Every structure is written in C-alpha cells, then in structure tokens.
Protein chains: 2
Amino acid sequence: MLTMLAEGEARKGPPLPAMMGAERKSRAENALLPPRTTLFLEGFSRSPQYRVLEGCVATSQTLTDGRRQIIDLVGPGRLVGLGFGDRNRYSAETLGLTRLEPVAETLSPGDLEASLGEMLARSQALAMLLGRKTAPERVASALLDLAGQFGRPARQQKRGAVTFHLFPTRTDLADWLGLTVETVSRCFTRLKKAGLIDFQHSDRVTLLEPLHLARVAAGDRPLS
Amino acid sequence: MLTMLAEGEARKGPPLPAMMGAERKSRAENALLPPRTTLFLEGFSRSPQYRVLEGCVATSQTLTDGRRQIIDLVGPGRLVGLGFGDRNRYSAETLGLTRLEPVAETLSPGDLEASLGEMLARSQALAMLLGRKTAPERVASALLDLAGQFGRPARQQKRGAVTFHLFPTRTDLADWLGLTVETVSRCFTRLKKAGLIDFQHSDRVTLLEPLHLARVAAGDRPLS
DNA sequence: CGGTTATTTGATGGGGGTCAATGGTCGTGG
DNA sequence: CCACGACCATTGACCCCCATCAAATAACCG
C-alpha cells in the first residue's frame with residue numbers, strides 16, 4: 001500500500017486545517033479516506049462514531065504550545081469517537097488509506113461497555129509505558145501492539161515471525177511513545193542490529209523474534 | 001495480556017501483605033479503613049466495586065521488576081474497581097483513613113457509562129502528562145488535580161487559595177507522575193520558593209496562586 | 001530518647017532531547 | 001528516463017533534565 005499523498009497536509013506545525021467534510025464522504029458508502037484525513041478535532045462539537053474497517057486512525061491531544069500526545073492507534077475492528085459530553089476530547093486522523101463504517105449513536109450497552117473497557121485498558125497500559133518504561137522498551141511494546149492489530153496471521157516465515165504495514169510515521173510513533181523521532185529511529189536501528197526486527201521498507205516491518213521482543217518490552221532483557 | 005502475578009510480589013519497600021479481608025469490614029457498615037490497606041490486587045479474580053466516601057484510593061499497575069505506575073488517585077464521590085473480564089487489571093490501596101461504600105455489581109448503564117467516561121478521560125489526561133510534560137508541569141498538574149478532589153471550598157485565605165490534605169506520599173506522587181521521589185521534592189521546593197504553594201506540613205499543602213500554578217501546569221510559564 | 005522511615009538537599013552521571021547534516025524515497029516535470 | 005525538489009528517516013555531536021547515589025535532616029513511634 002503506497003502512501004498516496006492526496007492532501008498536501010503539512011503536519012509540522014499545529015495549524016491543523018479544518019477539513020471536517022470528511023465525514024460526509026464516509027457516510028455515503030464507506031469510501032476509502034486518504035492518509036492524514038482529519039475525522040474530528042479536539043474541542044469541537046461532538047462528532048459521529050466510526051468503526052475502522054481497514055487502515056489506521058490515530059487519536060491525539062495537543063497542548064497549547066503544540067506538544068502532541070497520541071492517545072491511541074486504532075486498527076480494523078475497533079471503534080473511534082466514543083466519548084461523553086458535547087465536545088470531542090481528542091482529535092482523530094487517518095494514518096493511511098482507511099475505510100470507516102459509521103456506527104449508530106446508540107449501540108447496545110454491552111458493546112459500548114466492552115469498547116470503553118478496552119479503550120480504558122489500553123489507555124492505562126499506555127500510561128504505564130509512558131511513566132515507567134525506557135525508550136527501547138517503549139518501541140518494542142509499540143511494535144508488538146501494532147503487530148497484534150495489523151499483523152497478518154500469514155506466516156510464510158519461520159518461527160512465528162510477523163510482517164505488517166507500519167501506518168504511523170516515526171513522528172507519529174514518537175508522539176505516541178513520548179519520545180522524539182530521533183530516539184525512535186535509534187531504537188529501531190538497535191533492534192535491527194540485535195536481529196529482533198527487520199525493515200523491508202521504512203513502513204514495512206518484520207518481527208523476527210517476537211518472544212525476545214516481548215521480553216525487551218517487559219524490561220526482562222536490557223537489549224544488548 | 002495481564003501478568004497474573006503469582007503471589008508475594010516483593011516490591012522493595014512495602015511488603016504489600018495479603019490483607020484482603022478488608023472487604024469484609026467495609027461491607028459490614030462502611031468502616032474506616034487504615035492507610036495502606038490493599039483493596040484488591042492486579043491479576044486476582046475480580047473484586048467488588050466501591051465508592052469512596054472519605055479518604056483516598058490509589059490504583060496502580062506493577063511491572064515484573066517492580067516498577068510501579070499509579071493509574072489514578074481516587075477521592076470522595078468517585079468509583080473504584082470498575083473493570084471487565086474476570087481479573088483485576090490493577091491493584092488498589094488506600095492512602096489514608098478511608099471510608100468506602102460497596103456499589104452494586106450492576107449500576108445503571110448511565111452511571112456506569114459516565115463513570116467509565118470519566119476514568120477514560122482521566123487516563124488520557126495522564127498519558128498526555130506522562131508523555132509530554134516536564135517535571136514541574138507534572139507536579140503542578142497533580143496539585144491542581146488533587147485540589148479539585150480534596151480541596152475544601154473553605155477559603156479562609158485570600159484570593160482563592162486552597163488548602164488540602166496531601167494523601168499521597170512523595171513516593172506515591174513519583175509513581176503517579178513518572179518521576180522519582182527526589183524530583184518531586186525538588187519541584188515542590190521550587191514551587192514553594194516561587195511563592196505558588198506552601199506546606200504547613202509535608203502532607204498539608206496550600207495553593208497560594210492557583211492561576212499561576214495552572215499556567216505552569218499548562219506549560220505557559222517556565223517557572224522562573 | 002534511640003531507631004525507623006519519609007523528606008530534603010547535594011554531587012554526579014546518563015538517557016534521551018536538541019541541533020545539524022546526510023542519505024533515502026517518492027513524485028513531478030523537463 | 002533522469003533530474004530536481006520535498007519530505008522522511010538515519011546518523012552524529014553535543015547538552016540538559018532528570019535519575020542515581022549519597023548524606024543530612026526532619027518527622028514519627030515505641
């Protein structure tokens with residue numbers, strides 16, 4: 001999947017223009033949205049809810065001075081836009097070609113509860129990662145998380161190796177993991193040199209040793 | 001993927017004894033629980049839910065090597081123990097003399113949704129704090145949060161100053177804010193010297209300039 | 001009052017941030 | 001088809017914030 005750059009979305013600064021019209025398109029017939037499509041913005045009036053069918057959506061909050069924290073990366077099957085009150089508590093944008101399915105405002109209490117519970121668990125896991133894990137541990141954890149969401153069960157490789165498309169850029173990963181682009185890149189290099197992962201392309205990665213990677217993620221192994 | 005901790009998780013300092021009998025007491029007639037009472041432990045079978053009436057409860061997760069992350073500090077009026085699945089996803093302990101009220105397993109969908117939404121919002125705010133804020137910003141944010149939960153509306157002081165009991169120790173605060181005890185202490189000292197806060201006692205604090213403090217918390221002001 | 005634990009303060013070092021330059025990839029236009 | 005330009009990723013040099021290590025109070029308790 002190429003990164004077709006339809007929108008010249010300069011993501012550098014925090015201008016984040018208001019292309020809110022995206023909803024209309026997806027509502028029509030589950031169209032494919034291009035990368036860097038803003039679904040809704042933090043602070044704006046409450047937007048509809050979606051289920052991700054293909055692709056990836058990032059939810060984030062931004063400080064007044066532009067510092068950004070990605071709250072979650074959402075892959076196929078999961079919901080985006082659940083919230084309370086009349087304002088969005090975070091922004092959401094697509095990270096790749098993404099297909100969304102609108103979800104009824106009122107889903108069954110059970111589904112809603114389950115979905116909220118999952119979001120809560122993931123948010124708490126992120127807090128643990130941000131508060132107490134080192135940079136290599138964070139990057140390893142991120143790769144395992146993404147493998148779970150985007151990894152194909154296809155195992156043409158040996159020993160449970162998993163290959164998948166890395167939707168987030170290095171900058172996205174940095175904003176997710178509380179690091180900088182440079183640190184993320186350096187961690188990748190170290191993991192690669194340690195033989196735990198490999199890149200076919202900067203956005204296509206293979207986990208060669210998921211078990212070792214999991215031990216790095218848990219802090220059981222210092223990584224060389 | 002929860003690490004179902006086996007049993008005697010030695011976390012250096014506090015041995016975290018297995019006084020799970022606490023539930024029984026509170027169930028009887030909302031008794032006052034002493035500080036450092038464990039309500040339930042991460043990984044153990046699902047425990048009942050409570051509403052905090054007085055005092056403070058900390059929820060936390062612990063890595064296998066002992067690193068601890070406090071997920072939330074819960075004050076009067078809020079719920080503890082909501083979760084899904086058959087295992088607790090975090091531990092909970094009292095931080096001071098605390099009175100709990102057992103809450104029915106099945107609260108109204110509305111209440112449950114509201115409570116989960118609040119937990120989610122707080123967890124996301126914590127992620128932003130941990131991922132993108134500096135140490136002084138974190139400490140200032142924490143003080144404002146605790147003032148909101150524990151501050152009396154009593155304003156015997158001038159200009160909206162708020163005094164309240166600091167239930168968490170420096171270590172608790174460090175584990176909440178992703179810092180060390182020393183850094184928390186140093187930030188307190190700096191805030192005190194800047195005239196933004198004052199201590200009557202190490203666990204009794206007054207916010208002298210809540211507005212300035214809020215600007216520090218938001219990163220609008222570098223703190224001298 | 002002595003022993004224990006929490007907090008504060010100081011000295012030092014390292015992990016990761018910042019700044020800067022190079023290299024790689026892709027899309028566009030000649 | 002290749003050159004150019006824009007953008008992303010990688011790598012290196014340097015530095016700073018905060019962790020670490022250590023010690024001195026300060027509060028607590030029997």
Side-chain angles (χ1 to χ4, degrees), chain A residues 1-13 34-36 65-68 95-96 129-139 165-175 177-193 197-205 216 219 222-224, chain B residues 11-15 34-36 65-68 95-96 129-139 166-175 177-193 197-205 219 222-224:
Chain A
M1 194 178 293
L2 308 176
T3 54
M4 73 169 268
L5 190 151
E7 318 291 340
E9 238 357 294
R11 189 178 25 72
K12 193 116 145 250
R36 302 295 158 185
D65 60 4
R67 281 175 283 178
R68 183 174 77 140
L95 294 191
L129 177 148
L130 292 171
R132 290 308 185 201
K133 289 190 178 179
T134 66
E137 288 166 12
R138 296 182 198 194
V139 172
H165 180 81
L166 240 196
F167 286 101
T169 65
R170 302 296 187 265
T171 299
D172 295 327
L173 288 168
D175 287 347
L177 304 177
L179 301 170
T180 60
V181 193
E182 295 91 332
T183 298
V184 171
S185 182
R186 277 185 257 264
C187 287
F188 276 158
T189 301
R190 291 176 61 186
L191 289 170
K192 196 162 57 177
K193 284 182 179 165
I197 65 173
D198 192 37
F199 284 95
Q200 287 73 52
H201 186 68
S202 71
D203 63 355
R204 182 138 204 104
V205 65
V216 173
L223 175 52
S224 82
Chain B
R11 183 172 36 76
K12 194 137 145 216
R36 302 296 157 184
D65 60 5
R67 283 176 283 177
R68 182 174 77 139
L95 295 191
L129 178 148
L130 292 171
R132 289 307 185 200
K133 289 190 179 180
T134 67
E137 288 166 11
R138 295 181 198 194
V139 172
L166 240 195
F167 285 102
T169 65
R170 303 297 186 264
T171 299
D172 295 328
L173 288 168
D175 286 347
L177 304 177
L179 302 170
T180 60
V181 192
E182 295 92 330
T183 298
V184 170
S185 182
R186 275 185 256 266
C187 287
F188 275 158
T189 302
R190 290 176 61 186
L191 288 170
K192 197 162 58 178
K193 284 183 179 167
I197 66 173
D198 192 38
F199 284 95
Q200 286 73 50
H201 187 66
S202 72
D203 64 355
R204 182 137 205 105
V205 65
L223 176 51
S224 77

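Letters A, B, ... mirror the listed sequences (proteins, then strands); counts begin at 1. Quick note: numbers below take in every heavy atom, side chains included, and nothing from hydrogens, waters or symmetry partners. What you see is a predicted model; the values in this text were computed from it and never measured.
- We find that NZ of A:K133 is positioned 18 Å from C1' of C:dG15, with the value rounded to whole Å.
- Using a cut-off of 4.0 Å between Lys/Arg side-chain N and Asp/Glu carboxylate O, B:D65 and A:R132 are scored as not salt-bridged.
- Under a 3.5 Å cut-off, the side chain of B:R138 and the backbone N or O of B:L130 do form a donor-acceptor pair.
- The interatomic distance linking B:R67 (CZ) with D:dT20 (P) rounds to 10 Å, in whole Å.
- B:L179 places its CG atom 14 Å from the C1' atom of D:dT20, with the value rounded to the nearest Å.
- The closest side-chain heavy-atom distance from A:T183 to A:L177 is not below 4.5 Å.
- Between the CG atom of B:D175 and the P atom of C:dA6 there is a distance of 13 Å, rounded to whole Å.
- Distance CZ (A:F167) to P (D:dC8): 17 Å, rounded to an integer number of Å.
- Look at CG on A:L173: it is 14 Å from P on C:dG17, rounded to the nearest Å.
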Expected rows: protein N/O vs nucleotides 7-14 of chain C N/O, under 3.5 Å:
residue: C:dT7; atom: OP2; partner: B:R170; partner atom: N; Å: 3.2
residue: C:dT8; atom: OP1; partner: B:R170; partner atom: NH2; Å: 3.2
residue: C:dT8; atom: OP2; partner: B:R170; partner atom: NE; Å: 2.8
residue: C:dT8; atom: OP2; partner: B:S185; partner atom: OG; Å: 2.8
residue: C:dT8; atom: O5'; partner: B:S185; partner atom: OG; Å: 3.1
residue: C:dT9; atom: OP2; partner: B:T189; partner atom: OG1; Å: 2.6
residue: C:dG10; atom: N7; partner: B:R186; partner atom: NH1; Å: 2.9
residue: C:dG10; atom: O6; partner: B:R186; partner atom: NH2; Å: 3.3

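- The side chain of B:H201 places an N or O atom within less than 4.0 Å of a non-bridging phosphate oxygen (OP1 or OP2) of D:dC28.
- The side-chain heavy atoms of B:V205 and B:F188, taken from C-beta on, include no pair separated by under 4.5 Å.
- Rounded to a whole Å, the CZ atom of A:R190 is 18 Å from the C1' atom of D:dA9.
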Apply side-chain contact (heavy atoms from CB on, under 4.5 Å) to the pair A:L166 and A:R204, showing each step before the final yes or no.
-> CA-CA 6 Å; A:L166 240 196; A:R204 182 138 204 104; over 6 Å; no
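- The separation between A:E137 atom CD and C:dG15 atom C1' is 12 Å, rounded to whole Å.
- With B:R190 contributing its side chain and B:S224 its backbone, the two residues share no donor-acceptor pair below 3.5 Å.
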